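Here is how names work: the chains are called A, B, and so on, in the same order as the sequence lines, proteins then strands, and each is numbered from 1. Bear in mind that the values here come from a model prediction, so they are computed numbers and not experimental data.
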2 protein chains.
Amino acid sequence: MSSRRDNTTTKLDDAARAGWLYYIAGNTQDEIAAKLGISRQSAQRMVSLAVSEGLVKVRLDHPIANCLELASRLKKQFDLRFAEVVPTDPASSSTTLGVAEVGAEEMARWLKSPEAIIMAIGTGRTLKAAIEQLSPMECPQHKIVSLTGSIAPDGSAAFYNVIFNIADAIKARSFPMPLPVIASSPEERELLHAQTMIRPVLELAAKADVTFLGIGDLGDDAPLYLDGFVSQGELKALQKAGGVGEILGWSFDSEGRMLEGLTNERVASAPIPSGGNSLVIALAKGAKKRPAIAAAVKGHLINGLITDEATAAALLKA
Amino acid sequence: MSSRRDNTTTKLDDAARAGWLYYIAGNTQDEIAAKLGISRQSAQRMVSLAVSEGLVKVRLDHPIANCLELASRLKKQFDLRFAEVVPTDPASSSTTLGVAEVGAEEMARWLKSPEAIIMAIGTGRTLKAAIEQLSPMECPQHKIVSLTGSIAPDGSAAFYNVIFNIADAIKARSFPMPLPVIASSPEERELLHAQTMIRPVLELAAKADVTFLGIGDLGDDAPLYLDGFVSQGELKALQKAGGVGEILGWSFDSEGRMLEGLTNERVASAPIPSGGNSLVIALAKGAKKRPAIAAAVKGHLINGLITDEATAAALLKA
DNA sequence: TCATTTAATGAGTAATTGCCCATATTAATA
DNA sequence: TATTAATATGGGCAATTACTCATTAAATGA
């Protein structure tokens, strides 16, 4: 008892133990209670704690035929180098369910590489959900670079910036970008990018081997607006100019062409990587994002996509 | 659906889908049944098929998980009735850290039993460290019996004899063994064992419900030698005869076979309990003790083990 | 075609689990 | 030290899941 660090640690240890006995060893909660000398209710609490703390990871090792089919058609039709489709749960309103898990797996696959890679990371709710699924690992050989600013309009750390969450789970060198997402003027953007702290990050970003990012819609409740990065007026202007989506703050029209002027001339994020071998994977699903995703794949802003069955089917039909 | 090859494939696909909806999306089987248009029972069958076909993989992201895994493999491979593995702290040089705490917990678990039990106790540094972790408790119903002498070669109370330390913490009837660990001759051993004070202790020891003991190595700095129970010459002889470890002073070779003659014909300790239901748990870890532990489990000198991750992994590899 | 075997289905039921609530225990604070 | 707040515990019950069994549908082969 003396060597234990603190209460939380002990509790998580016990939870892990209970979770192991339940999920791996196949004990019932009654059996666990007996083995651990606690009541059944406590055993139940521990198991559920292990789940809610994310200690328990469930994976399904089966290429569900329809998903596979859709993925391969997506790859072909939109000239993608990577596509993954997860089943749609019609009843769930989650905008990340499934996509986040698969995204995390794909990230982990890259991070497991013994060779040093540069992984670039965007931002957004979906990506954040994916990061939460990442299992801790040590990979000091890799560099993880943020493509977009970590500063919210009010000066605080942006909630949906994920580079710091990654750094918690993955022991790799990480490069955040201490910038706002959108500067107040083109001049300020240039000034910010000229900073000695920023330039190496931008250079690193341009050389990324693989990039994971989210896609935002430009509807009336666009994340860019909800999070306060653009004003309502600016959003209206983007919509009027034909904008249907944004990546890293860069807005584009339904053909995937970047909009000229407007907020785009003040976006402080790095450009979307597009070098020859660089893999740019977007994580996105949902009816609301469909036009944005369609535009992004049409305009080859991305060359990889993780989405769900319904979205994939809709993309193929359009 | 067009690409499905045959019935089995389809079934597995559906099972995978059901498994996904259940484990990843968190649906109940009723919901799955509704969504897939099948009965609840069929949904249940599909989910369980997904599990039995190994489509569902559960992983536990916690250091404890590996320990539990190792423990269950130890139990299986060495036919142990009890095995507990604690995480290895690579930074610590302690030979008892973790093992002592868990040993104490296990002792406490037994002592909490309302039914009267006989607990036998060996000796050694690890065991002493374990006893120090014991919380005081009242259990007059139990008997605690020492398996080995409490007299150092110089006639003083042996430092690493732990029965008296137990008696401090635990209010139970305790039975020390006022003997040397190794007598000066086989004859003296017989004489000592014939004493009216000793015989009941030996009889009690033979009936122990559970035994906790340490394992000593027979390297050049064997505890048996350091504590002055055997001379350097005797130690060399033991090594030459193939001795790799000792329990209670009884030396054995790498297969866990007791050595013939030498100091073994003068050991005054009780024999290692081995009755049908008796649980004999050793507390030991560390590279130095590895051959001794391996021999003890191979030769079934013990049927319970508390050790650490590194030692457990090495034992399994050997 | 018909008998026979085999697999699939759903009803019923026992076992297991999730959760709420009252109580006890522990920790924090005055 | 006494009081209060926070937390943990176990009883009880409803929801969920696992399993058995009888029945039905499909497949097989003469």
Side-chain angles (χ1 to χ4, degrees), chain A residues 1-58 60 62 65 87 89-92 94 97, chain B residues 1 4-58 60 64 68 101 105 108-109 112-114 133-138:
Chain A
M1 325 256 169
S2 63
S3 73
R4 281 170 180 171
R5 271 161 299 170
D6 59 48
N7 208 273
T8 310
T9 310
T10 310
K11 212 163 66 178
L12 267 191
D13 287 356
D14 290 343
R17 188 176 229 90
W20 190 90
L21 288 167
Y22 188 70
Y23 286 104
I24 316 281
N27 288 277
T28 70
Q29 298 181 352
D30 264 321
E31 291 170 320
I32 296 171
K35 283 178 190 176
L36 266 43
I38 54 179
S39 71
R40 189 192 62 76
Q41 293 87 332
S42 299
Q44 195 275 328
R45 280 185 199 106
M46 285 193 174
V47 172
S48 96
L49 181 68
V51 174
S52 66
E53 288 292 323
L55 268 40
V56 177
K57 300 276 168 66
V58 183
L60 213 80
H62 187 81
D89 176 3
S92 163
S94 164
L97 186 64
Chain B
M1 322 278 166
R4 283 174 178 167
R5 273 160 298 171
D6 59 46
N7 207 275
T8 310
T9 311
T10 310
K11 209 163 70 179
L12 268 190
D13 286 356
D14 290 344
R17 184 173 294 263
W20 190 90
L21 288 167
Y22 187 73
Y23 285 104
I24 316 283
N27 287 277
T28 71
Q29 298 180 352
D30 264 321
E31 291 170 317
I32 296 171
K35 282 174 193 178
L36 301 184
I38 54 177
S39 71
R40 204 203 84 246
Q41 292 88 335
S42 297
Q44 195 277 326
R45 279 185 199 107
M46 286 197 171
V47 172
S48 100
L49 180 67
V51 174
S52 65
E53 289 292 322
L55 268 38
V56 177
K57 300 274 171 64
V58 183
L60 216 82
I64 289 291
L68 293 165
E101 285 80 359
E105 268 174 54
R109 220 177 57 78
K112 270 187 206 131
S113 153
Q133 300 295 326
L134 265 182
S135 322
M137 54 172 75
E138 308 264 336

Output the single nucleotide from D/dT9, C/dT17, D/dT17 whose closest atom is nearest the side chain of A/Arg45. D/dT9
Counting heavy atoms from C-beta on, name the nucleotide in D/dT17, D/dG12, C/dT17 closest to the side chain of B/Arg40. D/dT17
On a plain distance test, is the side chain of B/Gln41 in donor-acceptor contact with the base of C/dA11 below 3.5 Å? yes
Taking all heavy atoms of [X] and all of [Y], pick out the closest pair and write down the distance.
X       : Y       : answer
A/Leu21 : A/Leu36 : CD1-CD1, 3.7 Å
B/Ala15 : B/Met46 : CB-O, 3.6 Å
A/Ala50 : A/Gly19 : CB-CA, 4.3 Å
A/Asp89 : B/Ala25 : OD2-CB, 3.6 Å

Looking at [N], I'd like to know if its phosphate oxygens (OP1 or OP2) sit under 4.0 Å from a side-chain N or O belonging to [X].
X       : N      : result
B/Gln44 : D/dT17 : no
A/Tyr22 : C/dT17 : yes
B/Ser42 : C/dA8  : no

Please name all residues satisfying salt bridge (Lys or Arg N to Asp or Glu O under 4.0 Å) with A/Lys35, sequence neighbours left out, ordered by chain then number. none
What residues, two or more places apart in sequence or in another chain, satisfy salt bridge (Lys or Arg N to Asp or Glu O under 4.0 Å) together with B/Arg45? none
Residues two or more places apart in sequence or in another chain: which of them pass side chain to side chain donor-acceptor pair (under 3.5 Å) with A/Ser42? A/Ser39
I need the [atom1]-[atom2] distance between [X] and [N], as an integer number of Å.
X       : N      : atom1 : atom2 : answer
A/Tyr23 : D/dT17 : OH    : P     : 12 Å
B/Ile32 : D/dT17 : CD1   : C1'   : 11 Å
A/Ile38 : C/dA24 : CD1   : P     : 21 Å
B/Met46 : C/dA7  : CE    : C1'   : 14 Å

For A/Val51 and A/Tyr23: C-alpha separation, side-chain torsions, deciding distance, then whether side-chain contact (heavy atoms from CB on, under 4.5 Å) applies. CA-CA 10 Å; A/Val51 174; A/Tyr23 286 104; 3.4 Å; yes
Which part of the nucleic acid, if any, lies within contact of A/Gln29, taking any heavy atom under 4.0 Å across all strands shown: a base, the sugar-phosphate backbone alone, or nothing? sugar-phosphate
The helix from C/dT1-D/dA30 to C/dA30-D/dT1: angle between its terminal axes, five pairs each, to 10°? 30°
Identify, with sequence neighbours excluded, every residue that meets side-chain contact (heavy atoms from CB on, under 4.5 Å) alongside B/Ala16. A/Leu60, A/His62, A/Ile64, B/Leu55
Please give me every residue in residues 49-58 of chain A whose heavy atoms get under 4.0 Å of an atom in DNA chain D, ordered by residue number. none
